[in-house]
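Here the structure is laid out as structure tokens; the discussion comes afterwards.
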Amino acid sequence: MTDTATYAKGLEGVVAGESVICRIDGLNGRLYYLGYPIEELARYSTFEETTYLLLYGELPTADELAEFTRRMRASRDLSEPVLDMIRSFPKVDHPMELLQSVVAYLSGYVEHRIQHSLTCNCRDTLHQVVQISSVVAAWQRFHEGKEYVNPRQDLSHGANFLYMLRGQEPEESEGRIMDTALVLHAEHGFNASTFTARVVASTGSTCYCSISAAIGALYGFLHGGANERVMQAVDEIGSKERVKDFLDNELERAHKIMGMGHRIYKAKDPRAIVMEGFLEELSEKKHDFRYLEILKELERDFRSRMEEKGKPLYPNVDFYSGAVYRLLGIPAILFTPIFAMARASGWLAHILEQRVDNRLYRPSSLYTGAPERHYPPIESR
Ligand SMILES: CC(C)(COP(=O)(O)OP(=O)(O)OC[C@H]1O[C@@H](n2cnc3c(N)ncnc32)[C@H](O)[C@@H]1OP(=O)(O)O)[C@@H](O)C(=O)NCCC(=O)NCCS
């Protein structure tokens with residue numbers, strides 16, 4: 001470390017690069033992809049169109065979207081060797097470990113890079129972005145002892161995922177909600193997994209290796225996975241009348257309440273607001289208000305206690321998403337893989353952006369080890 005360098009643990013507050021892809025206004029709870037507010041994308045766009053926006057920087061015309069959608073959908077099916085790999089993956093391992101390996105493995109099946117250069121055709125093939133969802137669905141099917149379901153090209157990305165998972169076409173509203181959940185998770189600035197993808201890309205590595213590394217970063221419990229733990233809490237609480245006792249207990253033991261608070265948002269996460277609406281819609285449709293009632297009461301009570309303490313804290317995207325996925329019939333073990341399915345398009349956008357004006361990431365560290373010392377012969381140690 002040089003005399004002028006400063007040390008920031010976890011790189012907190014360090015600006016590590018320039019990007020045009022995502023803007024987060026944490027104070028006001030606003031999120032934009034390429035300048036478009038997330039609420040508008042959630043309402044009007046699709047995962048395929050949002051992927052185009054992230055990768056090309058502009059919304060497509062109708063012809064461009066039709067061609068791009070056709071290309072994405074044509075890449076959905078998995079080849080036999082990839083299906084064999086999923087089938088033979090140890091049953092006890094987490095699907096995130098499979099995803100990390102399979103993305104690197106997928107690269108063997110496409111001509112994707114020009115040797116010794118930063119150029120590739122991944123924006124055209126979209127192979128890894130599209131196939132992650134097929135891999136997740138196939139893993140779940142095999143896990144349940146069922147057969148692989150061939151993808152359909154007439155369904156949106158989200159609806160096709162549910163179809164491949166269930167073997168039955170989802171209702172229109174379920175497909176729309178799943179697809180919009182992917183839009184909401186597609187991008188979020190320089191978080192740990194995206195930064196990992198950019199670091200690997202900065203070495204001149206392939207998109208596949210960069211995305212595989214990002215999946216490894218997302219697997220860690222400090223990044224993905226809070227929605228799974230929110231649902232554990234909901235199950236433990238059981239009914240809205242028991243929320244107060246739960247909070248008394250957890251806060252007395254200084255436990256964090258999952259799905260609450262955010263490093264950047266100091267207002268309600270705009271994605272949580274959209275997810276809450278989906279939970280209301282699904283609860284009505286399925287005549288099942290258990291999760292909605294518990295979560296609403298948990299939010300109300302927790303926020304009022306925190307406000308009293310002068311620590312305003314708000315729900316993040318994970319607070320309502322687990323309940324939405326559960327009402328779509330998705331098991332909790334797939335929550336983080338679904339996050340990866342969506343974020344793959346943001347990762348690819350960042351990898352391509354990194355390459356445009358690349359500089360190898362190489363920070364310094366603050367040395368706190370031994371001073372110079374000399375090698376002793378083994379018999380004297
Ligand atoms: C996301 C998270 C790590 C952000 O942490 P952070 O940046 O340290 O949060 P802040 O600095 O704003 O925290 C301010 C205070 O609120 C408390 N706090 C933050 N989140 C809390 C939570 N979920 N439950 C209870 N207290 C919380 C902190 O302990 C801190 O208290 P203190 O001032 O007495 O030390 C944290 O909110 C958290 O662990 N949330 C739960 C996990 C989660 O939902 N993760 C998904 C994130 S998308």
Side-chain angles (χ1 to χ4, degrees), residues 8-14 22 24-31 33 38 42 96 181-196 214-215 217-237 243-276 279 291 294-326 332 335-343 346-347:
K9 195 169 182 181
L11 297 185
E12 192 166 351
V14 172
C22 179
I24 306 170
D25 172 359
L27 272 184
N28 296 303
R30 309 286 292 145
L31 167 64
Y33 298 170
I38 194 66
M96 285 298 279
L182 300 179
V183 170
L184 296 177
H185 287 85
E187 168 53 17
H188 212 235
F190 268 49
N191 52 76
S193 59
T194 301
F195 186 55
T196 302
I215 291 170
L218 183 63
Y219 183 24
F221 70 94
L222 290 179
H223 192 358
N227 49 5
E228 207 173 322
R229 293 166 71 192
V230 172
M231 291 313 287
Q232 280 165 8
V234 166
D235 291 339
E236 190 187 323
I237 295 169
V243 165
K244 181 182 172 305
D245 288 350
F246 172 83
L247 281 177
D248 287 347
N249 247 316
E250 292 296 296
L251 296 175
E252 194 181 299
R253 289 189 285 162
H255 287 174
K256 292 255 176 88
I257 304 304
M258 289 299 118
M260 287 289 172
H262 198 275
R263 193 42 71 76
I264 299 180
Y265 292 116
K266 301 302 167 206
K268 193 159 173 175
D269 182 334
R271 302 166 300 172
I273 296 170
V274 179
M275 277 293 182
E276 185 180 353
L279 181 57
Y291 310 133
I294 294 172
L295 287 169
K296 285 230 179 219
E297 178 58 14
L298 190 58
E299 176 182 348
R300 190 203 59 74
D301 195 345
F302 178 77
R303 282 177 62 175
S304 90
R305 290 177 196 229
M306 291 297 133
E307 262 157 40
E308 267 172 35
K309 289 188 191 167
K311 281 198 255 186
L313 288 168
Y314 304 89
N316 60 54
V317 65
D318 286 325
F319 191 71
Y320 288 104
S321 65
V324 168
Y325 295 150
R326 192 179 283 179
F335 292 177
T336 310
I338 287 172
F339 191 164
M341 265 162 60
R343 190 55 61 82
W347 289 329

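This structure is a prediction, so every number in the text was calculated from the model and none was measured. Whatever order the structure lists ligands and atoms in, that order sets their numbers, starting from 1.
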> Do side-chain atoms of Tyr325 reach the backbone of Phe335 as a donor and acceptor pair under 3.5 angstrom?
Replying inline: no
Distance in Å, [X] [atom1] paired with [Y] [atom2], rounded so as to fall on 0.5 Å steps:
| X | Y | atom1 | atom2 | result |
| --- | --- | --- | --- | --- |
| Leu251 | Phe302 | CG | CZ | 6.5 Å |
| Arg326 | Glu228 | CZ | CD | 10.0 Å |
| Leu247 | Arg305 | CG | CZ | 4.5 Å |

>> A quick test of your reading: do over 12 heavy atoms of other residues, nucleotides or ligands sit less than 6.0 Å from CZ of Arg229?
In response: no
> Pairs in or reaching into residues 308-317: which pass side-chain hydrogen bond (donor to acceptor under 3.5 Å, both in side chains), with residues at least two apart or in two chains?
Replying inline: none
>> Distance under 4.0 Å, heavy atoms only, partner ligand 1: which residues pass?
In response: Ala226, Lys256, Ile257, Met258, Gly259, Met260, Gly261, His262, Arg263, Lys266, Phe302, Lys311, Leu313, Asn316, Asp318
